[in-house]
There are 2 protein chains.
Amino acid sequence: MKKEITIYDIAANVGLSPTTVSRALSNHPRVHETTRKRIMDAAKSLGYQSNIFASSLRKRKSKSIGVIVPRLNSPFQSSVLAGMEKIATQSGYNLIISQSMESLDKEISNTAIMYNSRVDGLLVSKAGTTDDIGHFQPFFKKEIPVLFFDRAPENNHCTGVVINNTQAIYDATEHLIKQGCKRIVHALGNLQINVYADRLKGYKYALMDHGFVFNSENVISIELDEEAGERIVKKILKMHPRPDGLLVSNDTSAASCLMALKKRGIRVPQDIAIVGFNNDLISRMVEPHLSTVNYPSYHMGEVAMKNLINHLDDEHEEILQKTNTITLRSELIIRDSSKRHPDPI
Amino acid sequence: MKKEITIYDIAANVGLSPTTVSRALSNHPRVHETTRKRIMDAAKSLGYQSNIFASSLRKRKSKSIGVIVPRLNSPFQSSVLAGMEKIATQSGYNLIISQSMESLDKEISNTAIMYNSRVDGLLVSKAGTTDDIGHFQPFFKKEIPVLFFDRAPENNHCTGVVINNTQAIYDATEHLIKQGCKRIVHALGNLQINVYADRLKGYKYALMDHGFVFNSENVISIELDEEAGERIVKKILKMHPRPDGLLVSNDTSAASCLMALKKRGIRVPQDIAIVGFNNDLISRMVEPHLSTVNYPSYHMGEVAMKNLINHLDDEHEEILQKTNTITLRSELIIRDSSKRHPDPI
C-alpha cells in the first residue's frame, strides 16, 4: 500500500501553505471559494482520505448508517435489510453493514469500525447472550443515535423495534392445542437470547391456560439451521408418547423437520402437526405448506430506518429518546401443515 | 450530534501542547511511552475519532475489508458472505458490507464510503450493466487491492473469482436434450450482465452442437425473484408447441416456476422438465427436488477472501496482480425435476 496523502502533499501540489489547505478542507470562511475548489480538486486527484470530508463537517453528516446484525445468512435478516435499504436510499443515506456472528467480541470490533467510519446512526440486532451495551458508549456520548431491532437489550434507554414474541408463540401453541395436539414440542434457539426466552414464555403460558403441564423435556434448544430437522426429528422419535405437535422457531428448520418426517413416512399434519416462524418463502414452497408466524421483517427494516432518519433530520431530537419500544404486529398464518380439522379454530 | 473532538480538546484535557498530542497519536518516537499512553487514554475517553488510529498508522492497516454486492437478499450472496466472514475472522479482519442494489450510482457512493473508511482491501460483485470501473481508481492509485467475484468486469487488470457460466448452462442444456426435450426455454436475468450473457452462450452452443436451431422466443429475460414463476409460466403456456424443458437461472425462481406449473396441473418432469441454478436449500425442499447447477458460493467467498488477505499479508504483492481469473468448479446436479428416463445420461 502506498503512503498516506497528507495536507502537506496537497500543499506542495497546489503551491499553497498547509494552513490554507487545512482551512480549505475544513471549509474555513477565510479561504476564497476558487482557492477552496482548487484545493479540493487536488485533494481528490491525489486520493486524499480526509478524516472528515469537508461536506460532512459542514453538515456534520457522513450520510451513512451502520447496521450490525448477528448473521446475514437468513431470509429474515435479508428481508429486514431490504426494508432498511429502501428507506435509506429514498433519504439519500448509504448503509454499511457488518455481522457479529453471534460473538460479543466481534460486535465490539464492528461497533468500533462503525464509529471510526463516522456513521450518522447505528441500527443493531444484538449478538448472542448478553444485554451488555457498554461498547455503544462512544455513540451515546457523542449523541449518535443507536436503535435496536428484533433483538433489543432490556433495561436500558435505547429504542427497540420488536414484535411480541411471547404473544406470537402463545397463539401458535393455542392453535395446536385446538387442533387436538396433546404433546407439543417447541424447538428454538439459545434460550439466553431474549427473543427465544420470550417465545418459551408464550409456549408455557398457553399450555398453562389450557390445563396442560409444562414439561421441560418438550423444549429442544438447538441451532436452527438447515440441518436442524434431522436432529430434532431424531429426538422426537425417541419420546414416549410420541409428540403430535411441533413448534419450530424458524421456517428453514421447520421445513427441514417436515422433510425429515416425510422421509420416515410420518404424516404431517395427521401424525405430527407443524408450525414454523417468520413466513419465509420456503414455508409456501414445501408440501404441505407450513403454518407459520408472519414476522413483518421488511416492515421492521423500514420502521427502524424511518425512525432513525427522522431523528437525524428532525430538529426535535428528543422524540427517539422518549420512545422505548416500537412493537410491530405479527400474526399466525394457518396452512396445511397444522390443519387437522376440516374447520380449524 | 455533539461537536467533533479534536486534538486541541485532548491537549486541553491532558495539559500538553497540541503538537505533542498530534505526535503521540501518530506514534512519533520523540514522545515518551507514558505520555503517549496518557494521551491515548484521554483520546479514548473523550471519544476522539482518529482519522487513522495510531495502531493502523503503524501497520498501515485498518484490519477491515470492504465488500460490495448487488443485493444481500439472495441465498447465493448470503452463502458467499459466510465464506468470506469465516476466512476474515480467522485472519483477524472485520468485514464491512454494502449493497449497490444493481445501481452504478449507489456502487459509486459505496466505493467512496469504503475508501474513506480506510478498508485494507475491497471485494466487489459488480452492479448491473456496465464494465465501467473508473470509480475504483482511488483504490488502484493507492494500491489498495480490489478483487472481483461472481460478476467481474471484463477487459481490465483486476483479479476475478468466477465460475464458467457458459459451460454450466451448456451442461444443463445438454442434459435436457438428452432427456428428450425438444423445446427448451431459458429464463434468465438482465442480459447486459456478463454472467447472464455467458449463460446464454452456453445455451446457444449446446443447442447448436445437438442440431437444434436457436430461437430467441425461447429466451425469457426477467427479474428472477420469488414471483418470477407465475410470469414465466404464463409466457410458456402461450407458446406453440408448448416447451418441454425449462432452464431457470436461479433456484428461487425455478422453485417458483415449479409451484406455478403444479398449480395448473402440469406435471414436472413428464410435461416440462426443470433445471435451476445455484443449488440453494430450496432446490432440495420442493417436490420434485430440483435439478440444478451447484454454484460453490461458500467456497467462492473463501477463495476471494483468502486471495485478498494473502495479498495483504504477503511481501510478494505482485501475486494478485499477475492472476487474472480464478475459475471455480461448478457441476450439474441431476434430481427428479428433470429425470424423464429411468436411467438418465
Side-chain angles (χ1 to χ4, degrees), chain A residues 1-5 44 46-47 49-53 57 60-64 66 71-75 77-79 81-82 85 89 94-99 101 103 106 109-110 113-118 120 137-138 141-145 226 252 255-256 258-259 281-282 284-287 312, chain B residues 1-5 44 46-47 49-53 57 60-64 66 71-75 77-79 81-82 85 89 94-99 101 103 106 109-110 113-118 120 137-138 141-145 226 252 255-256 258-259 281-282 284-287 312:
Chain A
M1 211 185 278
K2 277 194 183 166
K3 84 181 245 310
E4 189 80 23
I5 300 296
K44 203 180 163 194
L46 289 168
Q49 292 177 302
S50 64
N51 49 340
I52 317 147
F53 241 44
L57 184 72
R60 297 203 168 281
K61 295 212 168 162
S62 69
K63 281 285 178 185
S64 66
R71 278 177 207 275
L72 289 166
N73 200 358
S74 83
Q77 287 295 1
S78 298
S79 170
L81 280 165
E85 190 83 56
T89 304
N94 279 285
L95 297 193
I96 66 176
I97 302 158
S98 66
Q99 357 182 37
M101 307 304 282
S103 141
K106 218 163 160 48
S109 11
N110 290 341
I113 289 175
M114 294 292 180
Y115 186 74
N116 288 311
S117 298
R118 292 157 198 280
D120 292 332
Q137 215 52 52
K141 262 197 193 164
K142 216 175 162 210
E143 293 173 10
I144 304 168
E226 177 182 346
T252 302
S256 159
L258 178 63
M259 295 292 130
L281 171 62
I282 204 154
R284 304 182 288 283
M285 291 219 169
V286 290
E287 285 172 39
L312 290 172
Chain B
M1 210 185 279
K2 279 197 184 166
K3 82 180 248 307
E4 188 79 25
I5 299 296
K44 203 179 163 196
L46 289 169
Q49 291 178 301
S50 64
N51 49 341
I52 318 146
F53 241 44
L57 184 72
R60 298 201 167 283
K61 295 210 167 162
S62 70
K63 280 286 179 182
S64 67
R71 278 176 207 276
L72 288 167
N73 199 357
S74 83
Q77 288 294 1
S78 299
S79 170
L81 280 165
E85 190 84 56
T89 304
N94 279 284
L95 298 193
I96 66 176
I97 301 158
S98 65
Q99 354 183 40
M101 306 305 282
S103 142
K106 218 162 158 49
S109 13
N110 289 342
I113 289 175
M114 293 293 181
Y115 186 74
N116 287 310
S117 297
R118 292 157 196 280
D120 292 333
Q137 215 52 52
K141 261 196 192 165
K142 216 176 160 209
E143 294 175 8
I144 303 169
E226 177 182 345
T252 302
S256 160
L258 178 62
M259 295 292 131
L281 171 62
I282 203 155
R284 305 182 288 282
M285 291 221 170
V286 291
E287 285 172 42
L312 290 172

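By convention in this document, chain letters (A, B, ...) are assigned in the order of the sequence lines, proteins followed by strands, and residues within each chain are numbered from 1. Computed from a predicted structure; not experimentally measured.
Per-residue counts of heavy-atom pairs under 4.5 Å with chain A were compared for Glu287(B), Lys106(B), Met101(B), Gln77(B); the largest is that of Lys106(B). Interface remark: of the candidates Met259(A), Gln137(A), Glu85(A), Glu85(A) forms the most heavy-atom pairs closer than 4.5 Å to chain B. Note on Leu258(A), Leu95(A), Thr89(A): by heavy-atom pairs under 4.5 Å with chain B, the leading option is Thr89(A). Chain A forms the most heavy-atom pairs under 4.5 Å with one residue out of Ala82(B), Pro138(B), Ala255(B), Ser64(B), and that residue is Ala255(B). Options Ile282(A), Leu72(A), Leu281(A) differ in how many heavy-atom pairs under 4.5 Å they form with chain B, and the most are formed by Leu281(A).
The shortest distance between side-chain heavy atoms of Met285(B) and Ser256(A) falls below 4.5 Å. Contact annotation: the side chain of Asn94(B) approaches that of Asn110(A) to within less than 4.5 Å [non-hydrogen atoms, C-beta and beyond].
For chain B, the nearby parts of Arg284(A) are the backbone and the side chain; heavy atoms of each come within less than 4.5 Å. In this structure, chain B has a heavy atom under 4.5 Å from the side chain of Ile113(A), while its backbone stays farther away. Both the backbone and the side chain of Thr252(B) come within less than 4.5 Å of a heavy atom of chain A.
For the atom pair CD1 of Ile144(A) and CZ of Arg118(A), the computed distance is 9.0 Å after rounding to the nearest 0.5 Å. Taking CD1 from Ile96(B) and OG from Ser62(B), the interatomic distance works out to 7.5 Å, rounded to the nearest 0.5 Å.
Across all non-hydrogen atoms, the minimal contact from Asn73(A) to Ser78(B) is OD1-CB, 3.4 Å. Of all heavy-atom pairs spanning Met114(A) and Ile97(A), the tightest one is CE-C, 4.0 Å.
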